[in-house]
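What follows is one structure encoded as structure tokens, with my remarks underneath.
Counting convention: from 1, in listed order, for ligands and their atoms alike.
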Amino acid sequence: MKRAVIIGTGSALPARVLTNAELEGMVETSDEWITARTGIKTRRIAGAGEKTSQLAAAAARRALALAGLTPEELDLILVGTITADMTMPSCACLVQKELGAVRAFAFDLNAACSGFLYALDVADKYIRSDPDLKIMVIGAETLSSRVDWHDRNTCVLFGDGAGACVVTGAESNGNHQRGYLAAKLYADGSLWELLHLEGAPGHNPDLPGAALTAHPSIRMYGREVFRHAVRAMADAVGKVLADQGITPAQLSLVIPHQANIRIIRSLAEHLALPLEKVYVNVDKYGNTSAATIPIALDEANRQGRLAAGDLLLLCAFGGGFTWGASLIRW
Ligand code: COA
């Protein structure tokens, strides 16, 4: 039986590095506080030529190169994002144009920080219906454009970037059932207010949206989000492992959503996994929402941290709330 496998990864980050020291001059904060409470030291901030679609396309080109495919061979482009260049067309359509992926259909998916996990799961479902499809799955964000730079509760946390992977169907690898094994995905819209980003103002005065502020930015009740994130991710991970009859000790690498080093450490403790088995780059890039997991996946792949047969666990939590975990045999 053919399963969805990742045959190439790529990532792209803006050139501009914003340090904690610079933030000290923008809001009442300190390198010490940010480092101790979040683990973040720097984040990347998009500039000219680094719109979400452009970062996404750059990451996709690198993934195509590793996969040994041309853009024309792609059948579908899926982008997980909450910061598309515009509401319409989708970021995925702009990536299709940038790449010249003329055969591909394309659409965006909004699951906030869980966007890449949700998109990967959608790709898996398409591959089940046609294993020959070549699908580009991307997580891409420019959160710097949606952050309130006067709000110290949020502006120190987020960054910009994109990660991508090419997915297609492939046969098992010897004894191993290679590829995308399973996922558990969840949502709870009743808690939306704890972490949200309002849309652009509406122009119909009869609609409630007309009263929204002109420049909506991310609003977050950090402590509450933290509490839910730890519990929800641990629960999703537990369920997907139990479902597949796998113990945490069998995992080769865990790539969690990169929001806060303390959330990542709690998860590692919960799984009784040494931190060496947990990929961390939140110190360099902060929280890039849907892009954190595919950026980390690309780094891990290029560092040779994934060998054939390895069990890889991905898990995420984000606005919605949305969360989940997926299990892949490399
Ligand atoms: N610099 C200095 N002080 C800050 C600060 C900053 N950048 N941001 C907040 N503070 C202050 C708060 O105002 C608060 O002060 P008060 O007690 O006088 O009101 C104090 O620090 C402690 O706030 P608290 O919310 O308890 O801190 P915390 O330990 O929970 O850490 C977060 C705050 C935001 C880092 C943490 O809650 C977090 O990471 N939450 C999850 C965020 C997340 O993952 N979001 C996305 C999910 S995908």
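- At a distance under 4.0 Å, no protein heavy atom can be found next to atom 18 (O) of ligand 1.
- Near A259, meaning under 4.0 Å from any of its heavy atoms, are these atoms of ligand 1: 44 (O).
- Using a 4.0 Å threshold on non-hydrogen atoms, atom 14 (C) of ligand 1 does not count as touching the protein.
- Residue N281 comes nearest to Q258 through the heavy atom pair N-OE1, 2.9 Å, listed as atom of the first residue, atom of the second, then distance.
- In the vicinity of T29, heavy-atom distances shorter than 4.0 Å reach the ligand 1 atoms 1 (N), 2 (C), 6 (C), 7 (N).
- Residue contact annotation: I263 has a non-hydrogen atom under 4.0 Å from ligand 1.
- Among all protein heavy atoms, the one lying closest to atom 45 (N) of ligand 1 is M220 SD, 3.2 Å.
- In terms of heavy-atom proximity, G318 sits nearest to S114 at N-OG, 3.7 Å.
- Under 4.0 Å is where a charged nitrogen must lie from a carboxylate oxygen, and between D235 and K239 at least one such pair does.
- Taking the side-chain hydrogen bond (donor to acceptor under 3.5 Å, both in side chains) definition, one finds that R128 meets it with D124, sequence neighbours left out.
- In terms of heavy atoms, I218 sits closest to L143 at CD1-CD2, 3.8 Å.
- Counting the atoms of ligand 1 from 1 in the order shown, those under 4.0 Å from a heavy atom of H257 are 48 (S).
- Considering only non-hydrogen protein atoms, atom 41 (C) of ligand 1 sits nearest to G222 O, 3.6 Å.
- Hydrophobic clustering, with ILVMFWY side chains joined whenever heavy atoms are under 4.5 angstrom apart, keeps I127 apart from L64.
- Nearest heavy-atom pair, S53 versus L94, reported as atom, atom and distance to 0.1 Å: CB-CB, 3.7 Å.
- The side-chain heavy atoms of F116 and C165, taken from C-beta on, include a pair separated by under 4.5 Å.
- Within the 3.5 Å criterion, the main-chain N or O of G179 finds no donor-acceptor partner in the side chain of R3.
- Distances between N or O atoms of T38 and those of ligand 1 include no value under 3.5 Å.
- Considering each of E24, R152, E32, Q258, the one bringing a non-hydrogen atom nearest atom 7 (N) of ligand 1 is R152.
- At least one heavy atom of G318 lies less than 4.0 angstrom from ligand 1.
- Below 4.0 Å from some heavy atom of C113 lie the following atoms of ligand 1, by number and element: 48 (S).
- Of the protein's heavy atoms, at least one falls inside 4.0 Å of atom 9 (C) of ligand 1.
- In this structure, the protein non-hydrogen atom closest to atom 33 (C) of ligand 1 is W33 CH2, 3.9 Å.
- For the pair I6 and L297, the minimum side-chain heavy-atom distance is below 4.5 Å.
- Numbered from 1 in the order shown, with element, the atoms of ligand 1 that lie under 4.0 Å from a heavy atom of V156 read 7 (N).
- Nearest heavy atom pair, residue Y285 against residue R43, reads O-CB, 3.6 Å.
- For atom 25 (O) of ligand 1, the nearest non-hydrogen atom of the protein is R223 NE, 3.6 Å.
- Counting heavy atoms closer than 4.0 Å to ligand 1, residue N287 contributes side-chain atoms (C-beta onward) but none from N, CA, C or O.
- Taking every non-hydrogen atom of R262 and a distance limit under 4.0 Å, the qualifying atoms of ligand 1 come out as 28 (P), 29 (O), 31 (O).
- Counting heavy atoms closer than 4.0 Å to ligand 1, residue N260 contributes side-chain atoms (C-beta onward) but none from N, CA, C or O.
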Where do D75 and R103 land on the salt bridge (Lys or Arg N to Asp or Glu O under 4.0 Å) test, with the steps shown first?
CA-CA 6 Å; D75 298 286; R103 290 182 44 254; 2.6 Å; yes
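- Of all protein heavy atoms, the one lying nearest to atom 29 (O) of ligand 1 is R37 NH2, 2.5 Å.
- Partners of E50 according to the salt bridge (Lys or Arg N to Asp or Glu O under 4.0 Å) rule, which considers only residues two or more places apart in sequence or in another chain, do not exist here.
- Taking every heavy atom of V225 and a limit of under 4.0 angstrom, the matching atoms of ligand 1 come to 43 (C), 45 (N), 47 (C).
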